[in-house]
Amino acid sequence: MKTFLSIGAGPGMGFATAERFAKEGFQIILAARSVAKTQELAERLTSKGYKADVRKVDSSDPNSVAELVAEVQRQHGSIDVLHYNAASKRKATLSEQPRDSFNGDLAVNIGGALVAAQAVAPKMEEQKSGSILLTGGGFALAPSPDYLSISIGKAGIRALAHALFEPFREKGIHVATVTVSTFVSPESKEASSVAEHFWHLYSQPKDSWTVEANYAPASA
């Protein structure tokens with residue numbers, strides 16, 4: 001059974017994407033800071049007959065992310081799909097941003113994604129297969145002065161995906177991002193559509209891999 005690891009597994013896009021892969025026979029590992037909330041999501045999956053488990057992770061802490069990946073690999077042998085979905089969605093302009101919060105926001109929004117990719121890459125390279133899926137955002141293309149730290153973070157996610165795409169493709173690893181240009185609520189058609197975009201990227205034949213899909217409600 002293939003393993004899908006979601007880091008930053010929330011009730012919106014994170015859960016919808018995990019469920020989409022569960023429907024295709026993946027066992028799901030949901031990881032987030034709140035074990036209680038994440039356990040509720042896992043129970044929704046298991047109640048439908050899917051295999052799901054929960055782990056605790058602090059996406060702002062590089063050691064926590066690396067240890068999570070190592071633990072899942074020890075237990076399951078490999079991670080076939082990594083989905084990095086963690087984000088600090090702080091609404092703050094430059095003048096409103098607390099001085100001591102910006103680095104923490106960046107650590108969640110982009111730092112954790114880099115560490116996660118770094119951690120899963122050696123095993124995927126050894127197997128010559130695997131997918132690293134990153135939840136991007138429209139703020140990467142149209143930065144918002146009201147959501148400054150997440151705008152910079154999503155620009156970083158997009159840059160990471162595009163920078164890794166070619167060198168990782170040569171190793172059999174598909175790095176891809178969905179740039180989501182809308183706010184997404186739990187159990188919404190938007191969440192399901194984003195999940196479908198991720199599944200489409202994962203399902204692409206190797207000779208047709210692409211690095212980015214764009215999602216906005218009008219294009220759903």
Side-chain angles (χ1 to χ4, degrees), residues 4-23 28 30-34 36-38 40-42 44-45 57-60 81-98 101-114 116 132-162 176-202 210-220:
F4 177 99
L5 171 61
S6 175
I7 296 179
M13 292 179 286
F15 178 80
T17 304
E19 184 173 27
R20 182 66 182 87
F21 279 76
K23 289 177 180 177
I28 307 300
L30 302 176
R33 289 175 66 173
S34 172
K37 291 180 181 178
T38 312
E40 291 177 7
L41 298 179
R44 285 172 58 187
L45 292 175
V57 68
D58 180 354
S59 299
S60 70
V81 178
L82 165 71
H83 180 207
Y84 191 85
N85 188 64
S88 177
K89 303 169 186 173
R90 184 187 305 277
K91 184 177 182 181
T93 63
L94 183 66
S95 62
E96 295 167 344
Q97 179 87 26
S101 68
F102 185 65
N103 286 343
D105 288 349
L106 286 187
V108 174
N109 292 335
I110 182 60
L114 191 148
I132 298 172
L133 304 178
L134 308 173
T135 299
F139 287 149
L141 307 175
S144 168
D146 296 321
Y147 290 87
L148 198 56
S149 62
I150 188 70
S151 293
I152 295 169
K154 290 308 183 185
I157 286 287
R158 188 170 188 268
L160 180 65
H162 281 261
T177 183
V178 177
T179 298
V180 183
S181 298
T182 186
F183 289 98
V184 177
S185 302
E187 299 184 67
S188 63
K189 64 178 183 180
E190 289 83 9
S192 298
S193 295
V194 171
E196 199 61 43
H197 276 65
F198 275 120
W199 177 253
H200 174 72
L201 286 167
Y202 171 78
T210 55
V211 64
E212 184 176 9
N214 290 279
Y215 172 73
S219 65

A.B. asks: Under the ring-ring contact (aromatic ring centres under 6.0 Å, His included) test, which residues partner Y84, sequence neighbours left out?
C.D. replies: none

A.B. asks: Which heavy atom of L201 sits nearest a heavy atom of A213, and at what distance?
C.D. replies: CD1-CB, 4.1 Å

A.B. asks: Side chains of T179 and L141: does their closest heavy-atom pair fall under 4.5 Å?
C.D. replies: yes

A.B. asks: State, yes or no, whether a side-chain contact exists between P145 and L94 at a heavy-atom distance under 4.5 Å.
C.D. replies: no

A.B. asks: Got P11 and L41 here, is their nearest side-chain heavy-atom distance under 4.5 Å?
C.D. replies: yes

A.B. asks: Indicate yes or no for a side-chain donor-acceptor contact from S192 to the backbone of K189 under 3.5 Å, with no hydrogens or angles considered.
C.D. replies: no

A.B. asks: Return the set of residues passing salt bridge (Lys or Arg N to Asp or Glu O under 4.0 Å) with R44 (not counting sequence neighbours), or none when no residue passes.
C.D. replies: E187

A.B. asks: Would you name the heavy atoms of A87 and I150 that are closest together and state the gap between them?
C.D. replies: CB-CD1, 3.9 Å

A.B. asks: Not counting sequence neighbours, list each pair that qualifies as a side chain to side chain donor-acceptor pair (under 3.5 Å) and has a residue in residues 133-146.
C.D. replies: H83-T135, N85-T135

A.B. asks: How close do M13 and V194 get, heavy atom to heavy atom, and via which atoms?
C.D. replies: SD-CG1, 3.7 Å

A.B. asks: Kindly determine whether Y215 and S181 satisfy side chain to side chain contact (heavy atoms under 4.5 Å, CB included), including the steps that lead there.
C.D. replies: CA-CA 6 Å; Y215 172 73; S181 298; over 6 Å; no

A.B. asks: Could you name each residue pair satisfying side chain to side chain donor-acceptor pair (under 3.5 Å) that touches residues 5-21, not counting sequence neighbours?
C.D. replies: E19-K48, R20-E24, R20-E196

A.B. asks: Just so I know, are the side chains of I157 and N109 near enough to count as touching, which here means a heavy-atom distance under 4.5 Å?
C.D. replies: no

A.B. asks: Any donor-acceptor pair under 3.5 Å linking the side chain of S151 with the backbone of Y147?
C.D. replies: yes

A.B. asks: Strictly distance-based, threshold 3.5 Å: is any side-chain N or O of T177 a donor or acceptor partner for the main-chain N or O of L134?
C.D. replies: yes

A.B. asks: Quick check on H200: does its NE2 atom have over 12 non-hydrogen neighbours (other residues, nucleotides or ligands) under 6.0 Å away?
C.D. replies: no

A.B. asks: How long is the gap from NZ on K23 to CG on L45, to the nearest 0.5 Å?
C.D. replies: 10.0 Å

A.B. asks: Can you name the residues that form a side-chain contact (heavy atoms from CB on, under 4.5 Å) with Q97, not counting sequence neighbours?
C.D. replies: R90, A92, S101, F102, D105, S149

A.B. asks: Would you mind reporting whether I152 and I110 have side-chain heavy atoms less than 4.5 Å apart?
C.D. replies: no

A.B. asks: I'd like to check the salt bridge (Lys or Arg N to Asp or Glu O under 4.0 Å) partners of E212; sequence neighbours left out, ordered by chain and number.
C.D. replies: R158

A.B. asks: Run through F15, Y202, F198 and flag the one making a ring pair (Phe, Tyr, Trp, His ring centres under 6.0 Å) with F21.
C.D. replies: Y202

A.B. asks: Looking at every heavy atom in both S59 and I7, which two are closest together, and how far apart are they?
C.D. replies: OG-CG2, 3.6 Å

A.B. asks: Measure the shortest side-chain to side-chain distance between V178 and L133 over non-hydrogen atoms and say whether it is less than 4.5 angstrom.
C.D. replies: no

A.B. asks: State, to 0.1 Å, how close S185 and A191 come at their nearest heavy-atom pair, and which atoms those are.
C.D. replies: O-CB, 3.8 Å

A.B. asks: Would you say S34's side chain and K37's backbone share a donor-acceptor pair under 3.5 angstrom?
C.D. replies: yes

A.B. asks: Could you check V57, V108, D58 and say which one makes a side-chain contact (heavy atoms from CB on, under 4.5 Å) with R33?
C.D. replies: D58

A.B. asks: Taking all non-hydrogen atoms of both residues into account, name the closest pair between G104 and S60 and its distance.
C.D. replies: O-CB, 4.4 Å

